[in-house]
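Structure first, then comments.
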Protein chains: 2
Amino acid sequence: MEAGRQRQGRLWSNLKEVCDLLRIATISTVAADELLFQHVQFKTGQRIHTIGQPFDTLYIVNSGFLKTVLIDEFGNEQVLSFPMKGDMLGVDGIHTRHYSSEAVALSDCDLILLPFKKLTALGRVHLELENVMYGVMSRELVREQAMIGMLGALSAEARVARFLVALAERFALMGYSSKLFNLRMTRHEIGSYLGLTLETVSRTLSAFNEIGLITVDQRTIGIKDPDALKTLRRLPPSRSRAKQLAAARLKADAGAASPATATPMLATM
Amino acid sequence: MEAGRQRQGRLWSNLKEVCDLLRIATISTVAADELLFQHVQFKTGQRIHTIGQPFDTLYIVNSGFLKTVLIDEFGNEQVLSFPMKGDMLGVDGIHTRHYSSEAVALSDCDLILLPFKKLTALGRVHLELENVMYGVMSRELVREQAMIGMLGALSAEARVARFLVALAERFALMGYSSKLFNLRMTRHEIGSYLGLTLETVSRTLSAFNEIGLITVDQRTIGIKDPDALKTLRRLPPSRSRAKQLAAARLKADAGAASPATATPMLATM
DNA sequence: CGGGTCTTTGAACCACATCAAGGTCTGTGG
DNA sequence: CCACAGACCTTGATGTGGTTCAAAGACCCG
């Protein structure tokens, strides 16, 4: 079931397996096993990397659950993500060459090591690697943008609802049940992730339970009405600003830029 | 002053100029002007790209101010960022090959086009380009992480304070005054960006003004006490969880993973 | 079993949103 | 040049969603 082969008593994966794991299209057929990536195991509670630590490797989650956190000046954790199978870790370290977040295993984990030096060196030989990296980083960026939108605009209930839906979809992707699963994180961690307190998370779950949207038994969640959860929205839909928006657009697009050769896509919507 | 040269009545920039603009180290000395990137101008209010539009080019801001937004099902805008000189636009489109956000010019702008196809093709010739891209994308990711941390953990005052400080620092980087500058965005846009209402933004600015931290006159902001702004925090620093944190760490690191050849950095902090 | 961590639920509070009204600036056309 | 419209900003009054504080039940692991 698990990708990889034994060598020196360790698991290793080839490029194809890595790309499959990342759910990113592999364009080419690289001669399979001449380049292999090492696996490493971490136990629950262990830290994969810490803030400020010199960056030199990226990680891909092969199995297990983790959290990444920021830590403020008082030692308070801010959860940024809950990486699981197929997610990449450590990308935030590329820019400054120091990790800017901390990654902690929430369960026993199997990670694939991608030494960054090796990876860039490989770029010269296997050009499609470049696109794989762009794709993964872009995906992560989009995810974070959605997160910002959620934190900036949604009510507590909507956040919890979407969190559950997103989790369910991830579990489905991994081949697990999307109707019944166990949370690997505490209410406190969920709250931190969603910008809420643990009490609010707990109360919201209880409320969903009472309405019949889900069942809750400690960390076991049953999804009863995924559609209702998906469409749960912020309380006041904010009276329509559509009219003035449309007007502003027409006005703005009236005068137009006209580039020389290739006219850039000035969307008229 | 502005980078670039005329050709066909248009501005073009070479790779070195692009890297300088991005504030990313250029490793190598590429024969300068054999590869050039075209500039395009946009007027205030114009959209550079819209959500869902097919992705094919990245943009670098050479001058001017913009906003990027997400738009929800009711047409409400959620501001994601305020790109300015040296920032890259459109990275969110790489993953799905469709832009996932909308970019709008808040002032007249001069942007440099980076057709993505051309860029990846270039990667084969100019390998350092790869690292430039990784660096820029990683930087953007870190910025968004900080944003998530801010939205998840800080009070309204702290958010506004940090917003002003960040703006001041950006202006300083661009060679403008960091003590006195004009906001290019409305209170509504700031509020959306910070997850607040325009009224709260307005009130908070007024409050800072009264305390003497800043001066406010419509969109003209004077920074009086940058240090106070920088250290303004959320109201209850949340009673120290440092003790249990430390304990948990010791416990977690007790058992350790031991990879085969290269031992991965298991930080003991 | 017993201590620690996690979770639930209640009651009170308050930071921020909402609703509302008036003021300011800008561009436009008479 | 002035008047007017529309967008933006400020400030006050009021309401409430979510936090804070508190206490007790459930689970886990040695």
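Bear in mind that the values here come from a model prediction, so they are computed numbers and not experimental data. Quick note on labels: first sequence line is chain A, next is B, and so on, each numbered from 1.
- Look at A:R187 and you'll find a side-chain N or O under 4.0 angstrom from OP1 or OP2 of C:dT7.
- Atom CG in B:N209 sits about 12 Å away from atom C1' in D:dT10, given to the nearest Å.
- You'll find a donor-acceptor pair under 3.5 Å spanning the side chain of B:R203 and the base of D:dG12, going by distance alone.
- Among the nucleotides D:dC9, C:dC16, C:dT8, the one closest to the side chain of B:S155 is C:dC16.
- Residue B:T200 places at least one side-chain N or O closer than 4.0 Å to OP1 or OP2 of C:dA17.
- Look at CG on A:L183: it is 10 Å from P on C:dT8, rounded to the nearest Å.
- At a threshold of 4.0 angstrom between heavy atoms, the contacts of A:G195 are confined to the sugar-phosphate backbone, with no base atom among them.
- At a threshold of 4.0 angstrom between heavy atoms, the contacts of A:V216 are confined to the sugar-phosphate backbone, with no base atom among them.
- Regarding B:L198, its CG atom lies at a distance of 10 Å from the C1' atom of D:dT10, rounded to whole Å.
- Between A:Y99 and A:H49, the ring-plane angle classifies as parallel under the 30° and 60° cut-offs.
- For the pair A:A156 and B:T186, nearest-nucleotide mapping onto DNA chain D gives the more 5' position to B:T186.
- Separating the CD atom of B:E210 from the C1' atom of D:dG12 is a distance of 13 Å, rounded to the nearest angstrom.
- Interface remark: the A:R159 side chain does not form any donor-acceptor pair with the D:dG18 base, using a distance-only criterion of under 3.5 Å.
- The pair A:R170-A:D87 meets the salt-bridge criterion, since a charged nitrogen lies less than 4.0 angstrom from a carboxylate oxygen.
- In the set C:dT8, C:dC16, D:dC9, the nucleotide with an atom closest to the side chain of B:R219 is D:dC9.
- Between A:I190 atom CD1 and D:dT19 atom P there is a gap of 14 Å when expressed in whole angstrom units.
- Taking atom CD of residue B:E199 and atom C1' of nucleotide D:dA7, one finds them 15 Å apart after rounding to whole Å.
- Rounded to whole angstrom, the span from the CG atom of B:L151 across to the P atom of C:dA15 amounts to 19 Å.
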Could you walk me through whether A:Y176 and A:F181 pass the ring pair (Phe, Tyr, Trp, His ring centres under 6.0 Å) test, one step at a time?
CA-CA 8 Å; A:Y176 300 145; A:F181 50 81; 10.0 Å; no

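- Interatomic distance, NZ of A:K224 versus CG of A:N209, reported as 10.0 Å (0.5 Å rounding).
- Among A:L213, A:I211, A:L232, the one residue that satisfies the side chain to side chain contact (heavy atoms under 4.5 Å, CB included) test with A:D225 is A:L213.
- Within the 4.0 Å cut-off from OP1 or OP2 of C:dT18, not a single side-chain nitrogen or oxygen of B:T197 is found.
- Taking atom CG of A:L205 as the reference point, atom C1' of C:dC6 lies 13 Å away to the nearest angstrom.
- A donor and an acceptor atom never sit less than 3.5 Å apart when one is taken from the side chain of B:E157 and the other from the base of C:dC16.
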